[in-house]
Amino acid sequence: QVRLVESGGGLVQAGDSLRLSCAASGVTFSMYTWGWFRQAPGNEREFVAAISWSGRTYYADSVKGRFTISRDNVKNTVYLQMNSLKPEDTAVYYCAADRVQWRAVVGTDVADFGSWGQGTQVTVSS
């Protein structure tokens with residue numbers, strides 16, 4: 001059974017940084033693409049970043065240049081380094097595992113990911 005546990009969220013001021021972590025268990029971590037999504041109140045869950053099994057990274061335009069996704073295949077952990085945070089980054093952040101192993105083309109839709117963490121709240125004050 002796949003289990004994903006996010007941590008690292010919190011309340012920060014605009015311009016600050018946070019690093020989110022997602023520890024995975026019950027899955028062969030290195031075989032999958034991993035993603036981060038976020039959901040603000042009243043909004044749909046949206047793609048933030050993904051990292052493929054080969055290490056290629058993908059970002060939403062809204063976070064490009066400010067956020068960095070990375071993975072540690074030894075620790076079975078995926079990270080999201082968030083710099084220059086803005087109030088509009090406020091949301092619950094979720095990590096997720098791809099539905100498919102060794103996917104050749106990384107998907108960025110919610111439907112492409114099959115296992116989800118419980119989420120961690122990030123609040124950025126102005």
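Residue numbers run from 1 in the order of the sequence given. Only this structure's heavy atoms are used, side chains among them; waters, hydrogens and symmetry mates stay out. Bear in mind that the values here come from a model prediction, so they are computed numbers and not experimental data.
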Query raised in the report: How close do Thr77 and Ser21 get, heavy atom to heavy atom, and via which atoms?
Result: CG2-CB, 4.3 Å
Query raised in the report: Between Asp89 and Lys86, is the closest basic N to carboxylate O distance under 4.0 Å?
Result: no
Requested in this report: Is it possible for you to say whether Val2 and Val100 belong to one hydrophobic cluster, with membership spreading through side-chain heavy-atom contacts below 4.5 Å?
Outcome: no
Requested in this report: Enter the distance from Arg99:CZ to Tyr32:OH here, rounded to the nearest 0.5 Å.
Outcome: 11.5 Å
Query raised in the report: Any sub-3.5 Å donor-acceptor pair from Glu46's side-chain atoms to Arg38's backbone N or O?
Result: no
**Report entry** same_hphob_cluster(Ile69, Val5) at 4.5 Å side-chain heavy-atom cutoff
**Finding:** no
**Report entry** Main-chain N/O of Thr33 paired with Arg71 side-chain donor or acceptor, under 3.5 Å
**Finding:** no
Requested in this report: For Arg3 and Gly26, indicate whether the former's side chain and the latter's backbone hold a donor-acceptor pair under 3.5 Å.
Outcome: no
Query raised in the report: Under 3.5 Å, side chain of Thr123 to main-chain N/O of Thr90, donor-acceptor pair present?
Result: no
Query raised in the report: Going from CZ on Arg66 to OG on Ser84, what distance comes out if it is rounded to the nearest 0.5 angstrom?
Result: 7.0 Å
Query raised in the report: Taking the side chain from Glu6 and the backbone from Leu20, do they hold a donor-acceptor pair closer than 3.5 Å?
Result: no
Query raised in the report: Leu4 versus Trp34: any side-chain heavy-atom pair under 4.5 Å?
Result: yes
Query raised in the report: Rounded to the nearest 0.5 Å, what separation is found between the CG atom of Asn76 and the OG atom of Ser30?
Result: 8.0 Å
Report task. Under 4.5 Å between side-chain heavy atoms, chaining through other members, with only Ile, Leu, Val, Met, Phe, Trp and Tyr counted: pull out the rest of the cluster around Phe113, sorted by chain and number. Result -> Phe37, Phe47, Tyr58, Val92, Tyr94, Val106, Val110, Trp116
Report summary line: Smallest heavy-atom separation, Lys75 atom then Asp72 atom, equals N-OD1, 3.0 Å
Report task. Considering non-hydrogen atoms only, spot the tightest contact between Asp98 and Asp112 and give its length. Result -> OD1-O, 2.9 Å
Requested in this report: Please round to the nearest 0.5 Å and tell me the distance separating atom CD of Gln81 and atom OG of Ser17.
Outcome: 5.5 Å
Report task. Establish whether Val78 and Met31 are linked, either directly or via other cluster members, by ILVMFWY side-chain heavy-atom contacts under 4.5 Å. Result -> yes
**Report entry** Distance (rounded to the nearest 0.5 Å) between Phe29 CZ and Cys22 SG
**Finding:** 7.5 Å
Requested in this report: Identify whether Phe67 and Tyr79 are in the same connected component of the hydrophobic contact network (ILVMFWY, side-chain heavy atoms under 4.5 Å).
Outcome: no
Query raised in the report: Parallel, tilted or perpendicular: which describes the rings of Trp53 and Trp102, with under 30° parallel and over 60° perpendicular?
Result: perpendicular
Query raised in the report: For Ala91 and Ala40, which heavy atoms make the closest approach, and how far apart are they?
Result: CB-N, 3.8 Å
Query raised in the report: How many angstroms lie between atom OG of Ser7 and atom CZ of Arg19, to the nearest 0.5 angstrom?
Result: 9.0 Å
